[in-house]
4 protein chains.
Amino acid sequence: MARPRNAATDLAILDATRAELVEKGWSKLTMAAVAERAGVAKTTLYRRWPGRSEMVVDAVAVLFDELELPDRGSLQSDIEGVVLSFASLMSRPEAKTALMAVVAESTHSPQLRDRIRTAVVDRQKRLVRQGRLRAQERGELPADRPDSAEDEQLIDLTFDVVAGAVVHRVLVSDEPVDEQWAAAFALLLVGGITAVSG
Amino acid sequence: MARPRNAATDLAILDATRAELVEKGWSKLTMAAVAERAGVAKTTLYRRWPGRSEMVVDAVAVLFDELELPDRGSLQSDIEGVVLSFASLMSRPEAKTALMAVVAESTHSPQLRDRIRTAVVDRQKRLVRQGRLRAQERGELPADRPDSAEDEQLIDLTFDVVAGAVVHRVLVSDEPVDEQWAAAFALLLVGGITAVSG
Amino acid sequence: MARPRNAATDLAILDATRAELVEKGWSKLTMAAVAERAGVAKTTLYRRWPGRSEMVVDAVAVLFDELELPDRGSLQSDIEGVVLSFASLMSRPEAKTALMAVVAESTHSPQLRDRIRTAVVDRQKRLVRQGRLRAQERGELPADRPDSAEDEQLIDLTFDVVAGAVVHRVLVSDEPVDEQWAAAFALLLVGGITAVSG
Amino acid sequence: MARPRNAATDLAILDATRAELVEKGWSKLTMAAVAERAGVAKTTLYRRWPGRSEMVVDAVAVLFDELELPDRGSLQSDIEGVVLSFASLMSRPEAKTALMAVVAESTHSPQLRDRIRTAVVDRQKRLVRQGRLRAQERGELPADRPDSAEDEQLIDLTFDVVAGAVVHRVLVSDEPVDEQWAAAFALLLVGGITAVSG
DNA sequence: CTATAATCGAGACGGTACGTCCGGTCTTGTA
DNA sequence: TACAAGACCGGACGTACCGTCTCGATTATAG
């Protein structure tokens with residue numbers, strides 16, 4: 001009760017973390033370097049996060065909140081838009097290197113898995129819901145059936161398909177996501193959703 | 001003229017690497033432990049691979065060669081089959097932890113990116129081609145147009161969608177890929193491909 | 001402001017160094033073994049000394065401070081005494097193996113040469129000065145001429161002759177320094193000094 | 001029986017050893033480097049010497065055979081001469097670094113100690129005997145008493161004093177042996193020997 | 001004039017230690 | 001109490017040599 005933590009310090013640390021990620025990448029990211037860059041002692045880092053991975057998850061999570069779903073007039077266009085902006089996010093070095101790394105770490109740590117899910121995954125499903133709702137308003141998709149588990153599953157499925165395809169294209173196949181690819185993907189997805197929902 | 005390298009040593013090392021991956025996971029995998037388990041000196045590892053990542057790529061790559069595409073009678077069923085067997089592969093601890101980790105590392109190393117592409121990605125596209133061919137023989141899909149770049153792109157797209165969705169579901173969303181999910185996914189994908197190709 | 005170095009650690013390390021020298025000898029002395037024996041991390045060694053040789057010089061230097069020159073009543077006897085006690089020092093395994101080794105190393109390192117000179121050589125010249133002074137008080141030797149470079153050179157010469165002869169006898173010729181040898185040597189040296197100074 | 005060893009190879013190896021000693025010093029001298037420099041395989045080295053130390057002793061021993069004792073007309077002058085030529089030998093980098101190093105090693109190896117004694121020490125005592133004989137012929141010293149252990153001991157003592165003083169001056173005290181020092185030393189030694197033998 | 005057997009070059013190999021780096025904890029003094 | 005500074009332990013890193021080994025290829029002698 002004597003002295004409260006300095007809130008600005010958190011931001012400085014997360015900024016420093018992202019900067020180091022850009023310059024060095026995940027495996028060369030050291031706590032000491034982040035601390036020095038943030039003008040902070042190593043102790044302070046460990047007082048706030050249990051380890052490197054958790055800190056990086058938090059540092060990267062905010063990037064995902066920049067994603068939006070502007071109304072481009074059709075489901076097809078909306079998908080194209082979100083694919084392109086997600087791809088551009090995944091092309092930023094601090095995002096691509098960190099995301100895969102923490103996912104890798106998470107395979108041996110349930111705590112980390114939870115942190116990723118709450119900080120990244122769940123927060124972005126909103127985009128799928130929003131796009132679906134908008135398409136229903138436009139009459140492109142039928143309205144949700146009340147309490148339908150199938151509808152809920154379709155949302156999850158759509159999320160994994162969109163996010164997975166983009167991540168795989170960019171990071172594993174190592175090919176660019178350009179407008180042409182986004183269009184082809186959106187066409188495929190709309191076709192599939194229509195077939196399933198129709 | 002000089003003493004040749006022992007070919008069996010390579011196999012012993014890669015076996016040891018996979019075993020250590022299962023027990024310790026990527027971040028606790030040490031060269032010394034792999035060497036000891038393989039009954040080999042650390043030097044020998046470094047004589048054959050430039051680093052941990054490259055060695056792990058080679059160790060994991062062979063797992064992907066186990067994937068097959070048995071003829072289950074329809075495109076929909078074929079997709080369900082490959083999704084399930086791929087998901088079962090991605091659930092093996094040595095595959096999931098290693099794959100994400102090397103992809104993360106690869107974001108800062110073109111050499112590693114190439115190695116992943118040739119050792120893993122390119123080798124598995126055969127499954128997509130094979131499934132497509134079979135569907136065409138069954139009359140489920142129209143035949144390829146000669147020298148069509150579009151057909152080629154559709155193959156790549158399909159590959160990223162299938163592999164990406166499964167990987168994302170298993171590793172990021174952290175949800176199981178069961179028969180129900182495989183069926184829903186296959187339905188969506190067949191719908192999309194039909195719409196696009198029709 | 002920051003945490004200060006633990007002074008007791010220095011002593012523990014030097015003790016461990018001497019113990020390892022006794023058991024293993026110079027060429028089998030490893031930093032890791034010293035660290036473990038001292039209950040200290042290897043890092044701590046390197047934080048305090050640039051390398052093995054420097055550490056060993058410091059570890060051995062204190063042994064030389066044990067040397068004394070008890071008044072045995074005559075120059076001849078004083079020399080016999082110091083020769084015997086120096087020889088007994090040079091027979092201790094930690095001294096003999098270490099001293100020659102660091103001298104060997106020093107031939108390629110001016111820094112090390114300086115360290116040896118200040119830590120060992122200069123500190124022991126006091127014995128020669130003391131013995132000379134005592135002999136002068138007894139009237140065995142004429143008093144120093146003021147500001148005489150010759151007197152100073154004679155001190156250095158005596159030091160090299162005494163120390164050199166003992167070291168060479170023990171380490172190179174590999175013969176024991178017993179009372180008989182000490183007496184013969186002292187006789188020779190007193191004869192020489194008297195001839196020169198007379 | 002079948003094929004004899006190439007004798008020229010021995011010389012090439014010892015030459016290479018000395019050259020490496022000059023350039024790198026003892027502690028940076030590697031068997032691989034010597035082998036390459038001699039145009040020879042590492043195996044060949046180990047076929048001829050049990051280890052580095054033994055090889056270096058042989059490489060350096062020949063240097064000592066260059067020492068001679070030209071007749072300069074008096075015991076005093078003869079001593080000055082041998083001191084200067086021995087000092088010039090001890091100033092050569094391959095000799096100084098190697099000699100101390102093998103002596104250090106020898107403290108833990110009787111075999112090595114023997115090799116040093118036969119290859120270096122015993123071979124050089126001839127110089128003392130020769131100088132003594134010459135001084136006796138000149139009438140500077142009384143003739144040997146038959147079967148006198150004392151005379152024998154005086155030879156050994158003289159050897160240790162001369163060699164020890166020079167080595168200590170050059171390597172430990174790190175001061176030059178010039179004509180002035182040689183003269184002062186010779187004066188001291190002649191005084192001592194005369195007093196003892198008188 | 002072979003054939004036979006040791007020598008030789010090259011370099012892979014199992015080891016051991018190196019000196020460095022980093023993670024995470026701890027101990028100081030200052031604010 | 002929070003914090004900066006940095007010492008500290010532990011442990012892995014990638015490198016360098018060691019001394020041994022396995023290879024073919026190359027001789028010099030014995031048959």
Side-chain angles (χ1 to χ4, degrees), chain A residues 1-7 9 24 27-36 38-53 55, chain B residues 1-7 9 13 24 27-36 38-52, chain C residues 1-7 9 24 27-36 38-52, chain D residues 1-7 9 12-13 27-36 38-52:
Chain A
M1 297 308 112
R3 181 180 170 185
R5 285 190 188 161
N6 185 342
T9 299
K24 316 273 180 64
S27 68
K28 307 287 181 196
L29 177 84
T30 72
M31 298 301 264
V34 170
E36 194 187 5
V40 142
K42 257 198 308 172
T43 325
T44 306
L45 268 50
Y46 286 105
R47 224 176 271 123
R48 292 163 195 236
W49 290 276
R52 203 161 72 121
S53 306
M55 187 178 76
Chain B
M1 187 164 171
R3 179 178 175 186
R5 285 194 185 160
N6 185 343
T9 299
I13 293 171
K24 316 273 178 63
S27 68
K28 306 286 181 198
L29 178 82
T30 71
M31 297 301 263
V34 170
E36 195 187 5
V40 144
K42 235 186 347 153
T43 321
T44 304
L45 269 49
Y46 287 105
R47 220 175 272 125
R48 291 163 195 237
W49 292 275
R52 206 161 69 122
Chain C
M1 186 167 175
R3 179 180 176 183
R5 285 193 187 160
N6 185 343
T9 299
K24 317 273 179 63
S27 67
K28 306 288 181 197
L29 178 82
T30 72
M31 298 302 263
V34 170
E36 194 187 5
V40 142
K42 237 183 345 153
T43 323
T44 303
L45 269 50
Y46 286 105
R47 218 177 277 122
R48 290 161 196 238
W49 291 276
R52 205 161 68 122
Chain D
M1 198 199 292
R3 182 183 170 183
R5 287 191 186 159
N6 185 342
T9 299
I13 293 171
S27 68
K28 307 287 181 198
L29 177 83
T30 71
M31 297 303 261
V34 170
E36 195 189 5
V40 142
K42 257 197 309 171
T43 324
T44 304
L45 269 51
Y46 287 105
R47 225 176 268 125
R48 292 162 196 234
W49 291 276
R52 204 162 69 123

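Atom set for the values below is all heavy atoms of this structure, side chains included, hydrogens, waters and symmetry mates excluded. In this text, all values refer to a predicted model and were calculated from it rather than measured experimentally. By convention in this document, chain letters (A, B, ...) are assigned in the order of the sequence lines, proteins followed by strands, and residues within each chain are numbered from 1.
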Assign each of A/K28 and C/R52 the nucleotide of DNA chain E bearing its closest heavy atom; nearer the 5' end lies the nucleotide of C/R52
Hits for side chain to side chain contact (heavy atoms under 4.5 Å, CB included) against A/T9, two or more places apart or cross-chain, chain-then-number order -> A/N6, A/I13, A/V40, A/T44, A/R48
Partners meeting side-chain hydrogen bond (donor to acceptor under 3.5 Å, both in side chains) with B/R47 (sequence neighbours left out): none
Expressed as a whole number of angstroms, how long is the span from D/L45:CG to E/dG9:C1'? 13 Å
Interatomic spacing from OG1 in B/T30 to NZ in B/K28 - rounded to 0.5 Å: 11.0 Å
Determine the contact category for A/L29: base if any of its heavy atoms lies under 4.0 Å from a base atom, sugar-phosphate if only primed atoms, P, OP1 or OP2 are that close, otherwise nothing. sugar-phosphate
Nearest to the C/Y46 side chain among E/dT20, E/dG23, F/dT20, which nucleotide is it? E/dT20
Heavy-atom pair of closest approach, residues C/A41 and C/A35: C-CB, 4.0 Å
Atom pair distance, as rounded to whole Å: CH2 in D/W49 and P in F/dC18: 15 Å
If I take atom CE in residue D/M31 and atom C1' in nucleotide E/dT16, what distance separates them, rounded to the nearest angstrom? 17 Å
In the 5'-to-3' direction, what one-character label does each nucleotide of nucleotides 3-9 of chain F receive under the scheme B = base within less than 4.0 Å of a protein heavy atom, S = sugar-phosphate only, - = no such atom? BBBBBBB
Taking the nucleotide of DNA chain F with the closest heavy atom to each, which residue, D/T30 or B/P50, is nearer the 5' end? B/P50
Any residue meeting side chain to side chain contact (heavy atoms under 4.5 Å, CB included) with C/A2, in chain and number order, not counting sequence neighbours: none
By side-chain hydrogen bond (donor to acceptor under 3.5 Å, both in side chains) - contacts of A/K24 (at least two apart): A/E20
